[in-house]
Each structure stands twice: as C-alpha cells, then as structure tokens.
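Heads up, the thing below is written out as structure tokens.
In this chain, residues are counted from 1 in sequence order.
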Amino acid sequence: EKAIYLISGGMDSPVAAYLGVMKGWAPVYVYFDNGPFSGVRELEKATALARHITVTTGVQGELVVVPHGRDLDLIVKRCRGTSRACYARG
C-alpha cells in the first residue's frame with residue numbers, strides 16, 4: 001500500500017513520513033518547488049530528508065518534485081495589494 005508524504009524541509013513532514021513508513025505504507029514523497037520564491041537549498045533539504053528516511057527505514061521511496069512557483073507568481077501578480085491571506089496550521 002502506497003502513501004503520499006508531503007515533504008517541506010521542516011521537521012513535521014519527515015516525522016509523519018517515518019511513522020507512516022514504519023506502519024508499512026510505501027512512500028511517495030512530494031515536494032512543491034516554490035521557486036523563485038524559494039531557492040535550491042529548500043529542495044536539497046527536502047531531498048536529504050527523504051533520503052534520510054530511506055536510510056533509516058531501509059524502505060526505498062519515490063520523490064516527486066512539483067513545480068509550483070509559476071502558480072504562486074500568478075497569484076502574487078493578480079492579487080498584489082488587493083487581497084489578504086489567512087494561514088492556519090492545525
């Protein structure tokens with residue numbers, strides 16, 4: 001059984017992925033590349049975290065990088081100064 005794990009480069013996502021892999025859910029890691037709003041360093045960190053989970057668990061996973069920066073750029077250009085955003089984390 002496969003599971004999709006969103007990998008952001010922070011600490012929450014690899015912990016959640018590790019726990020899922022240990023339950024037997026084969027990993028498909030997904031990273032949303034927000035360039036040019038983020039740099040190569042963030043992608044490298046997410047890649048390193050996915051690799052670390054593979055080494056720690058012995059379970060090989062697939063890393064999918066989703067280009068997302070163009071979408072974000074479009075949102076910024078269309079909403080600049082006219083909209084507000086509210087972020088919630090649960």
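Residues V21 and V28 fall into different hydrophobic clusters, defined by Ile, Leu, Val, Met, Phe, Trp and Tyr side chains chained together at heavy-atom separations under 4.5 Å.
In this view, K23 and W25 satisfy the side-chain contact (heavy atoms from CB on, under 4.5 Å) rule, not counting sequence neighbours. Taking the side-chain contact (heavy atoms from CB on, under 4.5 Å) definition, one finds that R51 meets it with T47, A48, sequence neighbours left out.
What you find for Y5 and A26 is that their closest heavy atoms are CE1-O, 4.2 Å. The two residues S13 and S8 have their closest heavy-atom pair at OG-N, 3.2 Å.
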Without placing hydrogens or testing angles, list every side-chain donor-acceptor pair under 3.5 Å for residues 56-71, not counting sequence neighbours.
unit_1: T56; atom_1: OG1; unit_2: H52; atom_2: O; d: 2.7
unit_1: T56; atom_1: OG1; unit_2: H52; atom_2: NE2; d: 3.4
unit_1: T57; atom_1: OG1; unit_2: I53; atom_2: O; d: 2.7
unit_1: T57; atom_1: OG1; unit_2: V59; atom_2: N; d: 3.2

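Dense packing is recorded around CG of L19, with more than 12 heavy atoms of other residues, nucleotides or ligands lying under 6.0 Å away.
Side-chain heavy-atom separations under 4.5 angstrom define the hydrophobic clusters, and V55 shares its cluster with no other residue. If you chain together ILVMFWY residues whose side-chain heavy atoms come under 4.5 Å of each other, L74 ends up in a group of its own.
Annotation: the span from N34 atom CG to L72 atom CG amounts to 5.0 Å, rounded to 0.5 Å. Note that the OH atom of Y18 and the CG atom of L49 stand 14.5 Å from one another [nearest 0.5 Å]. Between atom OG of residue S38 and atom CZ of residue F32 there is a gap of 12.5 Å, rounded to the nearest 0.5 Å. In this structure, OH in Y31 is found 11.0 Å from CD1 in I7, a value given to the nearest 0.5 Å.
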